Chemist: 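Dumping the structure here so I can ask a few things about it.
Start at 1 with the first residue, then count along the sequence. These numbers come from the heavy atoms of this one structure, side chains and all, not from hydrogens, waters or symmetry mates. Predicted model only: the values in this text are computed from it and were never measured.
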Amino acid sequence: MTTYRVDGLRFPDRHDIEQLMYRYAKAADMADIETQLTVFHPDCRVRFSGDAWLEGHDDLRAAWRNAYTRYAQTSHAVTNISITFTGTDDAEAESLITAWHRGADGAEWTLHGRYVDTWFKGVEGWKIKTREIVAAGA
């Protein structure tokens with residue numbers, strides 16, 4: 001008889017976090033800012049590039065509004081998701097991102113990198129507390 005180790009793997013929590021990562025990517029491609037925000041904790045910190053951190057939903061909303069005036073289309077692919085639970089309601093996750101962009105001027109470019117996230121599970125479920133995009137190349 002074959003047995004499988006499943007104790008402590010927290011499959012429902014892993015599934016929820018993965019689905020939220022996919023929800024974020026789909027919402028980004030639809031320029032759906034309000035759905036993107038549902039993935040983030042209200043007190044989140046996000047660094048897209050450089051040294052500056054965005055703090056909270058209002059900063060994220062403003063950044064995305066600005067970005068969506070520059071992009072005609074995007075396509076985000078999230079892969080190789082790795083999740084480590086650091087507590088009952090806390091997790092760290094890392095995933096690969098390939099994000100194709102077409103600017104309003106027709107120019108195209110692709111970003112390759114990683115999302116480095118911390119997650120917190122509250123009454124509304126899992127939310128990203130911090131996200132840092134670490135670029136590998138474009």
Chemist: Heavy atoms, side chains only, cut-off 4.5 Å: are I133 and R114 in contact?
Modeler: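 I133 does not reach R114 side chain to side chain.
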
Chemist: Do W64 and D59 have side chains that approach each other closer than 4.5 Å (heavy atoms only, starting at C-beta)?
Modeler: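 They are not in contact (no side-chain heavy atoms under 4.5 Å apart), so the answer is no.
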
Chemist: Hydrophobic clustering (ILVMFWY, side-chain heavy atoms < 4.5 Å, transitive) - are M30 and V78 grouped together?
Modeler: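 In one cluster: no.
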
Chemist: Of the non-hydrogen atoms in A91 and T86, which two are nearest, and what is the gap between them?
Modeler: N-OG1, 3.8 Å

Chemist: Are the side chains of H76 and Y115 in contact, using a 4.5 Å heavy-atom criterion?
Modeler: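 Touching, per the 4.5 Å side-chain cut-off.
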
Chemist: Roughly how far apart are D117 CG and M21 CE, rounded to 0.5 Å?
Modeler: 4.5 Å

Chemist: CG of D29 to NE2 of H101: how many Å apart, nearest 0.5 Å?
Modeler: 8.5 Å

Chemist: Do the side chains of I83 and E92 get nearer than 4.5 Å, heavy atoms only?
Modeler: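 Not in contact.
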
Chemist: Looking at A27 and Q36, what are the two nearest heavy atoms and their distance?
Modeler: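 Minimum heavy-atom separation between A27 and Q36: CB-CG, 3.6 Å.
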
Chemist: Which residues pass the side-chain hydrogen bond (donor to acceptor under 3.5 Å, both in side chains) test with Q19, sequence neighbours left out?
Modeler: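 With sequence neighbours excluded, Q19 shows a side-chain hydrogen bond (donor to acceptor under 3.5 Å, both in side chains) to no residue whatsoever.
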
Chemist: Roughly how far, to the nearest 0.5 Å, is the OG atom of S75 from the NZ atom of K26?
Modeler: 13.0 Å

Chemist: H112 vs I97, test: side-chain contact (heavy atoms from CB on, under 4.5 Å). Steps then yes/no.
Modeler: CA-CA 6 Å; H112 303 278; I97 179 68; over 6 Å; no

Chemist: When rounded to the nearest 0.5 angstrom, what is the spacing between SG in C44 and CG in L37?
Modeler: 8.0 Å

Chemist: When you measure from the side chain of T118 to the backbone of T130, do you find a donor-acceptor pair of N or O atoms at a distance under 3.5 Å?
Modeler: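 The answer is yes, because a donor-acceptor pair under 3.5 Å joins these two groups.
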
Chemist: With a 4.5 Å limit on heavy-atom distance, are the side chains of Q73 and Y71 in contact?
Modeler: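 No, too far: nothing below the 4.5 Å cut-off.
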
Chemist: Any idea which heavy atoms bring K129 and H41 closest together, and the distance?
Modeler: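 Taking K129 first and H41 second, the nearest heavy atoms are CD-CG, 3.5 Å.
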
Chemist: Is the shortest side-chain heavy-atom distance between E132 and V134 below 4.5 Å?
Modeler: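 Yes. Closest side-chain heavy atoms under 4.5 Å.
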
Chemist: One pair to check against side-chain contact (heavy atoms from CB on, under 4.5 Å): K127 and F120. What are the steps and the verdict?
Modeler: CA-CA 5 Å; K127 303 284 184 183; F120 175 75; 5.7 Å; no

Chemist: Determine, for Y24 and R131, whether the Lys NZ or Arg CZ falls below 6.0 Å from the six-membered ring centre while staying within 45 degrees of the axis.
Modeler: yes

Chemist: Grab the two heavy atoms, one from D58 and one from R61, that are nearest each other, plus how far apart they are.
Modeler: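 Between these two residues, the closest heavy atoms are OD1-NH1, 3.2 Å.
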
Chemist: With a 3.5 Å distance limit and no angle check, can you tell me whether T38 reaches the backbone of T35 through a side-chain donor-acceptor pair?
Modeler: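 Here the side-chain-to-backbone pair exists.
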
Chemist: Just verifying a value: how many Å separate L111 CG and T74 OG1, rounded to the nearest 0.5 Å?
Modeler: 11.5 Å

Chemist: Please tell me whether E108 and W100 have a donor and an acceptor in their side chains that are separated by less than 3.5 angstrom.
Modeler: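 Per modelled atom types, E108 and W100 side chains form a pair under 3.5 Å.
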
Chemist: Could you check whether any side-chain heavy atom of R65 comes within less than 4.5 Å of a side-chain heavy atom of I33, counting everything from C-beta outward?
Modeler: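 Yes - at least one pair of side-chain heavy atoms lies under 4.5 Å apart.
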
Chemist: Carefully, step by step, assess F48 and L60 under the rule side-chain contact (heavy atoms from CB on, under 4.5 Å).
Modeler: CA-CA 10 Å; F48 290 117; L60 281 176; 4.0 Å; yes

Chemist: Taking Y68 as the starting point, is it possible to reach W109 by hopping between hydrophobic residues whose side chains are less than 4.5 Å apart?
Modeler: yes

Chemist: Looking at every non-hydrogen atom in both residues, tell me the closest pair between T88 and R10 and how far apart they are.
Modeler: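 The pair with the smallest heavy-atom distance is O-NH2, 2.8 Å.
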
Chemist: Could you tell me if the side chain of F85 sits less than 4.5 Å from the side chain of W119, heavy atoms only?
Modeler: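 Not in contact.
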
Chemist: Return the CD1 to CD1 distance between I17 and I81, rounded to the nearest 0.5 Å.
Modeler: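 The distance works out to 9.5 Å.
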
